[in-house]
Amino acid sequence: QVRLVESGGGLVQAGGSLRLSCAGSGRTFGSFAMGWFRQAPGKEREFVAYITRSGGSIAYVDSVRGRFTVSRDNAKNTVYLQMNRLKPEDSGVYYCAAASRTATQPRMYDSWGQGTQVTVSS
């Protein structure tokens, strides 16, 4: 497992941008596939994006494709989620998570951060 800490959330107007960061502890960060998920009040946790260990393969949920970009810097033990053209429906708590391989199901991820709140006003 790896300890994960998200940052970068906040309040932004529709159409604005935010960049989330997820810092991992330990020398094994580069051995994990990383995912981003979000959860709105009263809703289930939703897959947003994932990135493989090397960054060579990336996937997004349809609703964010073309607006969000996931990347990672293994030298800094950090994965990022650049969010552009934000919409009110993007609001929620955003979590990063680590897994042995990429997946869209939350149950496949072993380590989770505490989450960071993103609120997009209309």
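All of these numbers come straight from a predicted model, not from anything done at the bench.
Between the side chain of Ser57 and the backbone N or O of Thr52 there is no donor-acceptor pair closer than 3.5 Å. Proximity of a side-chain donor or acceptor of Thr104 to a complementary backbone N or O of Phe47 within less than 3.5 Å is not detected. Between the side chain of Ser111 and the backbone N or O of Ala97, no donor-acceptor pair lies under 3.5 Å. A donor-acceptor contact shorter than 3.5 Å is absent between the side chain of Arg101 and the backbone of Phe32. Listed for the Thr116 side chain is a donor-acceptor partner under 3.5 Å among the backbone atoms of Gly9. Side chain of Arg38 to main chain of Val93: no donor-acceptor pair is present (N/O by atom type, distance under 3.5 Å, no hydrogens or angles). Side chain of Ser63 to backbone of Val61: no donor-acceptor contact under 3.5 angstrom is found. Using modelled atom types, one side-chain atom of Ser25 and one backbone atom of Arg3 make a donor-acceptor pair closer than 3.5 Å. Arg45 contributes no side-chain N or O that, together with a main-chain N or O of Gln39, makes up a donor-acceptor pair within less than 3.5 Å. Distance alone, capped at 3.5 Å, is enough to place a donor-acceptor pair between the Asn74 side chain and the Arg53 backbone.
Side-chain N/O atoms of Asp73 and Thr78 include no donor and acceptor closer than 3.5 Å.
A heavy-atom distance below 4.5 Å is found between the side chains of Val70 and Val79. Using a 4.5 Å heavy-atom threshold, the side chains of Phe68 and Val48 count as touching. Between Glu6 and Tyr95 there is a side-chain heavy-atom pair separated by less than 4.5 Å. Side-chain contact between Ser71 and Gln82 is absent, with no heavy atoms from C-beta onward closer than 4.5 Å. Side-chain contact check for Tyr80 versus Thr69: every heavy-atom pair is 4.5 Å or farther apart. Using a 4.5 Å heavy-atom cutoff, the side chains of Tyr94 and Met83 are in contact. Looking only at side-chain heavy atoms (C-beta outward), Arg19 and Leu81 stay at 4.5 Å or farther from each other. Contact annotation: the side chain of Asp90 never approaches that of Val118 to less than 4.5 Å [non-hydrogen atoms, C-beta and beyond].
Atom CD1 of Ile51 sits about 6.0 Å away from atom CZ of Arg72, to the nearest 0.5 Å. Between atom OG of residue Ser121 and atom CG of residue Leu86 there is a gap of 10.0 Å, rounded to the nearest 0.5 Å. The CZ atom of Arg85 lies 9.0 Å from the OG atom of Ser17; values are rounded to the nearest 0.5 Å.
Note on Trp36: it clusters hydrophobically with Ile58, by side-chain heavy-atom contacts below 4.5 Å among ILVMFWY residues. In this structure, Phe29 is not a member of the same hydrophobic cluster as Val5, with clusters built from ILVMFWY side-chain heavy atoms closer than 4.5 Å.
For Ser122 against Pro88, the heavy-atom pair with the smallest separation is CB-CG, 3.8 Å. Minimum interatomic distance between Leu18 and Gly8 (heavy atoms only, all atoms of both residues): CD2-O, 3.8 Å.
Taking the ring centroids of Tyr109 and Phe37, they lie under the 6.0 Å cut-off.
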Met34 vs Leu4, side chain to side chain contact (heavy atoms under 4.5 Å, CB included): CA-CA, chis, key distance, verdict: CA-CA 10 Å; Met34 297 298 297; Leu4 303 171; 3.9 Å; yes

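By the neighbour-count criterion of 12 heavy atoms within 6.0 Å, atom CD of Gln114 is densely surrounded, having more than that number from other residues, nucleotides or ligands.
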